[in-house]
2 protein chains.
Amino acid sequence: MYICPMYSSELIKGTLKTIVLNLLKDNEKMYGYEITQKVKDLTDSKIQITEGALYPTLHALEKQGDVTVEKVYIGKRVRKYYILTDQGTITVADRVNELSDFMKTMRFLLDLDSNVQNV
Amino acid sequence: MYICPMYSSELIKGTLKTIVLNLLKDNEKMYGYEITQKVKDLTDSKIQITEGALYPTLHALEKQGDVTVEKVYIGKRVRKYYILTDQGTITVADRVNELSDFMKTMRFLLDLDSNVQNV
DNA sequence: AATTAATACCTAAGTAAATTAGGTATTAAT
DNA sequence: ATTAATACCTAATTTACTTAGGTATTAATT
């Protein structure tokens with residue numbers, strides 16, 4: 001199965017934690033595979049999170065206390081649900097604000113708002 | 001001299017070439033140091049390009065044919081002006097479109113447009 | 001006059017966050 | 001019966017930076 005990310009990987013780099021945390025903010029609990037599918041669906045496959053990037057990121061978020069894990073067995077198959085902690089709620093707000101601010105700065109820097117085509 | 005970038009470096013990662021090319025699109029010719037100052041000025045120091053990142057990037061752009069170089073001596077001090085090539089003009093359009101599209105997708109994904117505070 | 005700051009270029013080593021490329025195992029679909 | 005989808009994982013590699021130096025000229029400050 002070939003994975004075709006629409007955006008060059010450099011752009012997505014640095015936004016993964018923000019994406020994951022923001023999804024958990026809106027969904028209470030999600031498991032890894034579900035996150036990859038959700039992002040794919042919401043972005044019309046323009047952003048496809050690779051598992052090699054996602055799982056280490058989820059483990060890092062757990063380690064730094066932004067999420068907790070809840071193991072659930074679906075038959076014999078394990079699912080690890082990730083839930084945002086109180087600290088994680090603060091982190092996601094910070095991250096989203098920073099990204100939002102950064103994108104605003106980039107739009108100004110690249111003079112994108114004066115270009116009608118970019119709506 | 002301490003450099004304090006406002007945004008975490010991961011965010012800026014991947015946008016440097018686009019920023020540089022776009023400045024050259026609007027300015028005909030610029031030299032490295034001038035680019036760092038211009039970006040600092042335009043972003044109120046929120047984005048500060050480090051020289052360790054910029055010079056290798058300029059050399060890469062030259063190697064891949066997006067810019068040409070013009071050496072000028074100001075007294076005994078050398079200045080290397082970078083000028084966008086025809087190919088570079090295409091590259092910058094592609095890059096800016098991609099970044100613009102990516103930011104639009106991120107705004108949707110993070111549900112930023114429904115948040116009045118992010119204007 | 002001497003020192004510091006600003007201008008202007010550069011590179012090498014280290015780092016962080018991805019990609020690539022595997023692996024295991026269960027369940028559903030063809 | 002075989003393939004695809006679900007669901008987890010890691011190790012090696014790559015990439016684009018940061019950090020931390022270096023050289024040299026010119027302007028500003030003490």
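Reminder, nothing fancy here: chain letters follow the sequence lines and each chain counts from 1. Treat the numbers as computed from the prediction; the structure is a model and nothing was measured.
- When the nucleotides C:dA18, C:dC9, D:dC17 are ranked by their closest atom to the side chain of B:Thr57, D:dC17 comes out on top.
- We find that CD of A:Glu10 is positioned 12 Å from P of C:dA18, with the value rounded to whole Å.
- For B:Pro56, counting side-chain heavy atoms from C-beta on, the closest listed nucleotide (C:dT11, D:dT18, D:dT10) is C:dT11.
- At the phosphate of C:dC9, neither OP1 nor OP2 sits under 4.0 Å from any side-chain N or O atom of B:Tyr33.
- Because its NZ or CZ atom is both nearer than 6.0 Å to the ring centre of B:Tyr81 and within 45° of the ring axis, B:Lys29 counts as a cation-pi partner of that residue.
- Between B:Arg95 and B:Gly14, the shortest heavy-atom distance links the atoms NH1-O, 4.5 Å.
- Residue contacts for B:Gly75: at a heavy-atom cut-off of 4.0 Å it reaches the sugar-phosphate backbone alone, with no base atom in range.
- Considering only side-chain atoms of B:Leu16, the nucleotide from D:dC8, D:dC17, C:dA18 that sits closest is D:dC17.
- For the pair B:Lys80 and C:dC10, the criterion of a side-chain N or O lying under 4.0 Å from OP1 or OP2 is met.
- Across all strands, A:Arg79 comes closer than 4.0 Å only to sugar-phosphate atoms, never to a base (heavy-atom distances).
- Looking at which nucleotide of DNA chain D each of B:Leu54 and B:Ile74 is closest to, the 5′-most match is held by B:Leu54.
- Looking at B:Arg77, its side chain has no donor and acceptor atom pair within 3.5 Å of the base of D:dT26.
- Helical stems in DNA chain C, defined as runs of 3 or more consecutive Watson-Crick or G-U wobble pairs with both donor-acceptor distances under 3.5 Å, are listed by first residue as C:1-30 with D:1-30.
- Side-chain proximity of B:Tyr55 to C:dC9, D:dC8, D:dC17: nearest is C:dC9.
- Following rounding to the nearest Å, B:Lys76 (NZ) and D:dT23 (C1') show an atom-to-atom distance of 15 Å.
- Nearest-nucleotide assignment on DNA chain C puts the 5′-proximal partner with B:Tyr82, out of A:Gly14 and B:Tyr82.
- In plain terms, the two heavy atoms of B:Leu42 and A:Phe108 that are nearest each other are O-CE2, 3.1 Å.
- Note on B:Tyr31: every side-chain N or O is 4.0 Å or more away from OP1 and OP2 of C:dC9.
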Worksheet item: Does the salt bridge (Lys or Arg N to Asp or Glu O under 4.0 Å) test come out yes or no for B:Lys46 and A:Glu98, once each step is laid out?
Response: CA-CA 11 Å; B:Lys46 282 186 263 186; A:Glu98 190 193 21; over 6 Å; no
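- Of the residues near DNA chain D, A:Ala53 and A:Gln37, the one whose nearest nucleotide (by heavy atom distance) lies more toward the 5' end is A:Gln37.
- Considering every non-hydrogen atom in both B:Leu99 and A:Met106, the closest pair reads CD2-CE, 3.5 Å.
- B:Glu51 places its CD atom 19 Å from the P atom of C:dA13, with the value rounded to the nearest Å.
- Across all strands, A:Gly32 comes closer than 4.0 Å only to sugar-phosphate atoms, never to a base (heavy-atom distances).
- Annotation for A:Tyr55 and A:Tyr33: closest pair OH-N, 3.8 Å, computed over non-hydrogen atoms.
- Between A:Thr43 and A:Ile47 the shortest heavy-atom distance is OG1-N, 3.0 Å.
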Discussion item. Between A:Asp111 and A:Ser114, does the side chain to side chain donor-acceptor pair (under 3.5 Å) criterion hold? Intermediate values first, please.
Written reply: CA-CA 6 Å; A:Asp111 199 30; A:Ser114 65; 3.1 Å; yes
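- Across all strands, B:Glu34 comes closer than 4.0 Å to no nucleic acid atom at all (heavy-atom distances).
- Residue B:His59 has a polar side-chain atom (N or O) positioned under 4.0 Å from OP1 or OP2 of C:dC10.
- Whole-Å rounding puts the B:Tyr7 OH to D:dT18 P distance at 15 Å.
- The CD1-P distance, from B:Ile49 to D:dT18, rounds to 9 Å in whole Å.
- Here the nucleotide nearest the side chain of B:Lys13, chosen from C:dT11, D:dC17, D:dT18, is D:dC17.
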